[in-house]
Amino acid sequence: MGSARVASWWLAGLLAVLLAGLSGYAVSGSRRQADIVAELADDSADTDAYQEAASLINWEMALIQASLREPDGEERTQLFAVYERTQHAMEHMAAVDGEHRTLASGLVQAHRSMRPDIVAYLRSIDLGDLGTAEATLEDVIEPATTSIMTLVLAEREHHLADHAAKQAAGQHESRQVLWRNALAFALSLVVLVLFAWAARAHRRQVEATAATDPLTGLPNRNGFTARTRQALTAAASHRRRPDHGRRGRVTVLVVNLDGFRDVNDQLGHRIGDLLLTHVGRRLRDSVREHDFVARLGGDEFAVLLHDADPDIGEAVATRLTDAFDEPFVIDDLTVDLEISIGAATAGPGEDVPAVLRHADSAMNHAKQQRLGFRRFTGGDTGDDSTARLTLLGDLRRALDSGTGITLHYQPKFAIGTGALAGVEALARWQHPAKGPISPGQFIPVLEATTLIHRFTHLVLTQALTQARAWLDAGHRIPVAVNLSTRSLLDTTFPQRLAALLHQTGVPGDQLCIEVTEHSIMSDPNTAIETLKHIRALGVKTSIDDYGTGYSSMTYLRLLPLDELKIDQSFVKDMGTDLSSRALVASTTELGHTLGLTVVAEGIEDAATLAVLREMGCDLAQGFHLARPMPADEITRGLQQHAVTLGNG
Ligand code: C2E
Ligand code: MG
Ligand code: MG
């Protein structure tokens, strides 16, 4: 493809040069033609002038001869007027004839010198000396007139012939110009087509590069997403047919290498890279021709299967696992690798991120529980998906009408001073029939669709409007808002956030965006980019549920963060579980080393708070201090100066 592209560019360049040459030639031809037309017009003017002179000379001669026959006739009276017109016509003839100007001037002179002879001739007639008059006519006037006339006619013929020749040349030239223009036009079309072809080839190559992982040569996450999206669209149209059965559905396997980080750390990146290349090849060789294998990033691969049969998914997973029984041999090093596989089948209405997330969470379970393989069962049974679709419909209506979804705010306190340090906005949905539904239930449903973006927008608008209202009432209470994975990975999000801040007039530092460790780790590069843009707006960033994901020290250092929230599961267990206590202590220290504010959430008793105070944890949040509550309760508390640590 590359060399073909280069060849096509060359050819197009060559044709362009040819085209330029032909166009130049055509332009010069057109100019030449214009010249010929001008010359033709000149010639025709010359011929006309000679013709007029010849006619007048004839007339003048006739009048001279008539004067002899009838001395008293009226011809005699016209004679000099005609003589003057003839003289005039001949002068005009001499003036227009650019070619034989000397000859024409000689003729004018000759005609003028005839005048004394004509006068003498007429005087002889008046004197009755007709003999002398006749002699003058025959010997002087007639020969002079004949010689003038002969030359005038010869010149007229000459100009006529010239005119005809030029006309023929002009016609010839015209035809040539026409052909040349037609050729130039045809060539321009060819050049245009070639340019379009070369541009398309170039675009395709760029697209292919963008969708390929350079290390393994497999499709990358972009390529995989695009192909899965296609498969989902095809499956959706297939499902509309009555006989669809299990075909026309899509299953995704996410494959993760166990212990790859150790290989990288101990054997170096070169071996790590080679190993990934071998892994890619082995995976590719272990699936059927029409199954699609991609490298999602790091040590994570994915396989796309075009069916939903659990047996096929499991059979493929077994085959992949078996393929890793044999060790990899790289540069005389033998490396044993195991894999964890998660499978998810796309439910109705689910999109690529949702399926990938499900497969990913199944893979994580498989890894944690050392199962090797696990299928995602959270949403792929018929009943479940019906319930989800109903819930989704209700959510859509709630978002459309803007009713039912509200925010509660849970205070965060500075452990050292007891002062209110901010609040976290937590979404509440009052279902018209089912009553309150917790965010843990409805947010995952929203996250599987693009509705999540509208939800994020609604929550941010409400939270920022509230923050503005508090500022107007003289309270500086930073508000924290939870951001879903999809909004975090949506590269246009920071732009929309900037618009909302502007619209509500809230300074960036009065807002904190909380993102879970899981969200970040699902696509760390994109997450880092978005977080950077969010911070550029002055907005604070926080990593939520810290400790439940798999983020390494390295990532934590790279992340543009201001705050670290230790997951409540560790905080809650601190009283009874020593390892939880150790983890909270070391995380607090780690957070401080990285210059982050450390928050403990889920504090349910005074003892836990006391231990956290001892550890030097900065902020505290939990039912023991204050439950999530409507905004006006917070406002009331502030007015009564009641919102401080321990008064919640
Ligand atoms: P989170 O961000 O970790 O929020 C803290 C959750 O812990 C809240 O649950 C809160 O009510 C609860 N909590 C606070 N203190 C205690 C305590 O002492 N003990 C116990 N057992 N729980 C406590 P909630 O409101 O049910 O929210 C659950 C999760 O839903 C949140 O976890 C957050 O991840 C998500 N969420 C809530 N609102 C939103 C939102 O607007 N957008 C997004 N994307 N996610 C949200
Ligand atoms: Mg949170
Ligand atoms: Mg949390």
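Counting convention: from 1, in listed order, for ligands and their atoms alike. If you're wondering where the values come from, they're calculated on a predicted model, not measured in any experiment. The chain is numbered in sequence order, starting from 1.
Using a 3.5 Å distance cut-off with no hydrogens or angles, the side chains of Ser340 and Arg374 do not pair a donor with an acceptor. A side-chain donor from one of Thr492 and Arg496 sits under 3.5 Å from a side-chain acceptor of the other. No side-chain N or O of Asp545 forms a donor-acceptor pair with one of Thr548 less than 3.5 Å apart.
The atom of Glu424 nearest to the Mg ion (ligand 2) is OE2, with the search restricted to N, O or S atoms. Closest N/O/S atom of Asp544 to the Mg ion (ligand 2): OD2. Shortest distance from the Mg ion (ligand 3) to Asp545 is reached at OD1 (N/O/S atoms only).
Ligand 1 has no nitrogen or oxygen under 3.5 angstrom from a nitrogen or oxygen of Pro628. Polar contact check, Asn482 against ligand 1: a nitrogen or oxygen pair lies under 3.5 Å apart. Inclusion of Asp545 in the set of residues having an N or O under 3.5 Å from an N or O of ligand 1 is warranted.
For ligand 1 and Lys572, the ligand atoms under 4.0 Å from any heavy atom of the residue are 21 (N). For ligand 1 and Ser484, the ligand atoms under 4.0 Å from any heavy atom of the residue are 44 (N). Set against the non-hydrogen atoms of Phe455, the atoms of ligand 1 under 4.0 Å away are 40 (C), 41 (O), 42 (N). Listed by atom number, the atoms of ligand 1 under 4.0 Å from Leu483 heavy atoms are 44 (N). Atoms of ligand 1 lying under 4.0 Å from any heavy atom of Glu604, numbered from 1 in the order shown and given with element: 17 (C), 18 (O), 19 (N), 20 (C), 21 (N). Of all atoms in ligand 1, listed by their number and element, those nearer than 4.0 Å to a heavy atom of Gly622 are 15 (N), 18 (O).
Within the set Leu426, Leu460, Thr485, Leu407, the minimum heavy-atom distance to atom 8 (C) of ligand 1 is found for Leu426. For atom 15 (N) of ligand 1, the candidate residues are Gln568, Gln621, Gln410, Glu601; the nearest heavy-atom contact is made by Gln410. In the candidate list Ser438, Gly602, Pro439, Pro439 is nearest to atom 26 (O) of ligand 1, counting heavy atoms. Relative to atom 39 (C) of ligand 1, the option among Ile452, Asp567, Ile443, Val459 with the closest non-hydrogen atom is Ile443.
The Mg ion (ligand 3) has Glu601 among its coordinating residues (N/O/S atom, backbone or side chain, under 2.8 Å). The Mg ion (ligand 3) lies at 2.8 Å or more from every N, O or S atom belonging to Glu514. Asn482 lies close to the Mg ion (ligand 2), since one of its N, O or S atoms is found at a distance under 2.8 Å.
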Test salt bridge (charged side-chain N to carboxylate O under 4.0 Å, His left out) on Asp472 and Arg468; report intermediate values, then the result. CA-CA 6 Å; Asp472 292 343; Arg468 185 67 249 171; 2.7 Å; yes

Take Thr587 and Tyr546, measure what side chain to side chain contact (heavy atoms under 4.5 Å, CB included) needs, and give me the verdict at the end. CA-CA 9 Å; Thr587 307; Tyr546 185 78; 3.5 Å; yes

Step by step, would you call Leu625 with Lys412 a side chain to side chain contact (heavy atoms under 4.5 Å, CB included)? CA-CA 8 Å; Leu625 307 164; Lys412 284 191 278 187; over 6 Å; no

Pair Leu257-Val263, side chain to side chain contact (heavy atoms under 4.5 Å, CB included): steps then yes or no: CA-CA 11 Å; Leu257 309 183; Val263 175; over 6 Å; no

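Of all heavy-atom pairs between Ala343 and Leu253, the closest is CB-CD2, 3.2 Å. In terms of heavy atoms, Leu501 sits closest to Leu511 at CD2-CD2, 4.4 Å. Among all heavy-atom pairs drawn from Val598 and Cys617, the shortest one is O-SG, 3.6 Å.
The shell of residues lying under 4.0 angstrom from ligand 1, judged by heavy atoms, includes Glu424. Under a 4.0 Å heavy-atom criterion, Arg428 is in contact with ligand 1. Using a 4.0 Å heavy-atom cutoff, Glu447 is absent from the residues neighbouring ligand 1.
Distances from atom 32 (O) of ligand 1 to the protein include no heavy-atom value under 4.0 Å. For atom 11 (O) of ligand 1, the nearest protein heavy atom lies closer than 4.0 Å.
Relative ring orientation between Phe376 and His358 is described as parallel, the plane-to-plane angle staying below 30° on a 0-90° scale split at 30° and 60°.
When hydrogens are left out, the protein atom nearest atom 18 (O) of ligand 1 is Phe623 N, 2.7 Å; that is the closest non-hydrogen contact. Considering only non-hydrogen protein atoms, atom 1 (P) of ligand 1 sits nearest to Asp544 OD2, 3.7 Å. When only non-hydrogen protein atoms are considered, atom 38 (N) of ligand 1 lies nearest to Ala427 N, 3.0 Å.
Between Trp429 and Phe455, the distance from one ring center to the other does not fall under 6.0 angstrom.
Salt bridge status for Arg397 with Asp394: present, with a side-chain N to carboxylate O gap under 4.0 Å. Between Asp490 and Arg486 there is no salt bridge, since no side-chain nitrogen of the basic residue lies less than 4.0 Å from a carboxylate oxygen of the acidic one. Here Asp562 does not pair with Lys540 in a salt bridge; the nearest charged N to carboxylate O distance is not below 4.0 Å.
Of the heavy atoms in Thr456, none comes closer than 4.0 Å to ligand 1.
Cation-pi contact between Arg627 and Phe623: present, with separation from the ring centre below 6.0 Å and deviation from the ring axis of at most 45°.
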